[in-house]
Protein chains: 2
Amino acid sequence: MHITEPTQLFKSLSDQTRLRCLSLLVQQGELCVCELTYALDLPQPKISHHLGNLRKAGLVSDRKMGLWIYYQIHPELAQWVVDMLSISIQGIQTHEPFASDTKQLMNMPNRPENLYSA
Amino acid sequence: MHITEPTQLFKSLSDQTRLRCLSLLVQQGELCVCELTYALDLPQPKISHHLGNLRKAGLVSDRKMGLWIYYQIHPELAQWVVDMLSISIQGIQTHEPFASDTKQLMNMPNRPENLYSA
DNA sequence: TCACTATATCTATATTTGTCGATATGCTAT
DNA sequence: ATAGCATATCGACAAATATAGATATAGTGA
């Protein structure tokens, strides 16, 4: 499913939880739900719910790997959306909680990528 | 008043009426409420209401000139916001109703700028 | 002062959206 | 088969938001 309406795109960006997830995904490439849950320190159903919103909006794609589901920025976004996201994420890195989220993710013990990738 | 939270910024962009107004303002520089009302073909109170939202969010500024109130993109926006807006507005120009709005504005008879500026 | 125009605000209502907790699905390993 | 973990979805409720229409404010010109 692709983004049809620009309005819908910005609606997806207009929630703090979703923006925090997107910020990490833009920076880190691919993350599973448990990593986002840890980094943002929020209940898992809440994270899943907002990832579902981003998925429906066509902003992220997911792939299943064993027990984990990895999300990434959708690889087929229109170029202007990619540029817009990139500029925005960079712009908000000076704001909280976006900066702390990245640090928190780096402190996560036993990240699934470390166990199963490579 | 300045934009404090990125979330609030995107919330302002997430409404079709506001996005249409911003699109015209980015392109045209300065417009009064009656021009926006004509271009978008929507009730005046609705336009005013959404302009109020954009004003509170710090995205636009207004100045009174006689009977008219002119709005423009706020001249003191953070650079990343200016860039983000510019890329976004350019990106959505291929979508409706944004393209038609510009045409409709160009067809407006007796635009106040033509009468009072220069 | 009066009538007219442009704009903003108010009130009520309807809709959308977020949140929470519980539960369901589905994979993995024993 | 059973237990345990990761994730998604569901149902109820609360909060935020958009809309419409009526009305208020304020500038202009006769």
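So you know, we letter chains A, B, ... as the sequences are listed, proteins then strands, and number each from 1.
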Just call it for [X]: base, sugar-phosphate, or nothing, with non-hydrogen atoms closer than 4.0 Å on any strand.
X: B/His49; answer: base
X: A/Leu67; answer: base
X: B/Lys11; answer: sugar-phosphate

Check your understanding: What are the two closest heavy atoms between A/Arg20 and A/Pro97, and how far apart are they?
Key -> NE-CG, 3.4 Å
Exercise for review: Can you see which heavy atom on A/Ser12 is nearest to which on A/Leu59, and at what distance?
Suggested key: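 That closest heavy-atom pairing would be CB-CD1, 3.7 Å.
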Review point. On DNA chain C, nearest-nucleotide positions of A/Asp15 versus A/Gly66: which is more 5'?
Key: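 Between the two, 5'-proximity favours A/Asp15.
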Check your understanding: Between A/Lys64 and A/His50, which has a closest nucleotide on DNA chain C that is more 5'?
Key -> A/His50
Check your understanding: Quick one: the side chain of B/Gln44 and the base of C/dA8, do they pair up donor-acceptor inside 3.5 Å?
Key -> yes
What's the [atom1]-[atom2] distance between [X] and [N], to the nearest Å?
X: B/Asn110; N: C/dT5; atom1: CG; atom2: C1'; value: 14 Å
X: A/Trp68; N: C/dT25; atom1: CH2; atom2: C1'; value: 17 Å
X: B/Met65; N: D/dT28; atom1: CE; atom2: C1'; value: 14 Å
X: A/Arg55; N: D/dT9; atom1: CZ; atom2: P; value: 6 Å
X: B/Leu51; N: C/dA6; atom1: CG; atom2: P; value: 16 Å
X: A/Asp62; N: D/dA6; atom1: CG; atom2: P; value: 18 Å
X: B/Leu42; N: C/dA6; atom1: CG; atom2: C1'; value: 17 Å
X: A/Tyr70; N: C/dC27; atom1: OH; atom2: C1'; value: 14 Å

Practice item. Kindly assign one of parallel, tilted or perpendicular to the pair B/Trp80 and B/Phe10, based on the angle between their ring planes and the thresholds 30° and 60°. Key: tilted
Practice item. Report the C-alpha separation of A/Arg63 and A/Glu30 in whole Å, then their side-chain angles, then the decisive distance to 0.1 Å, and conclude whether the salt bridge (charged side-chain N to carboxylate O under 4.0 Å, His left out) test is met. Key: CA-CA 10 Å; A/Arg63 94 189 149 93; A/Glu30 212 178 24; 2.7 Å; yes
Please tell me which of the listed nucleotides, [options], lies nearest to the side chain of [X]?
X: B/Ser48; options: C/dT19, D/dT9, C/dT7; value: C/dT7
X: B/Pro45; options: D/dA8, D/dA18, D/dA22; value: D/dA22
X: B/Cys32; options: C/dC20, D/dA18, C/dT7; value: C/dT7

Review point. Within a strict 4.5 Å, meaning less than it, do heavy atoms of the A/Trp68 and A/Val33 side chains meet?
Key: no
Check your understanding: Should we say atom CG of B/Asn107 is surrounded by more than 12 heavy atoms from elsewhere, each under 6.0 Å from it?
Key ->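 Buried by this count: over 12 neighbours within 6.0 Å.
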**Study point:** Within 6.0 angstrom of A/Gln27 CD, more than 12 heavy atoms from elsewhere
**Key:** yes
Check your understanding: Run the side-chain contact (heavy atoms from CB on, under 4.5 Å) check on A/Asn53 and A/Lys11 step by step: do they pass?
Key -> CA-CA 10 Å; A/Asn53 175 304; A/Lys11 206 165 282 182; over 6 Å; no
Review point. Looking at A/Tyr71, does any N or O in its side chain come under 4.0 Å of the phosphate oxygens OP1/OP2 on D/dA6?
Key: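 Checking D/dA6 against A/Tyr71, no side-chain N or O comes under 4.0 Å of OP1 or OP2.
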Check your understanding: What bend angle does the helix from C/dT1-D/dA30 to C/dT30-D/dA1 show across its length, from five-pair end axes and to the nearest 10 degrees?
Key ->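 What I find for the helix from C/dT1-D/dA30 to C/dT30-D/dA1 is an axis angle of 20°.
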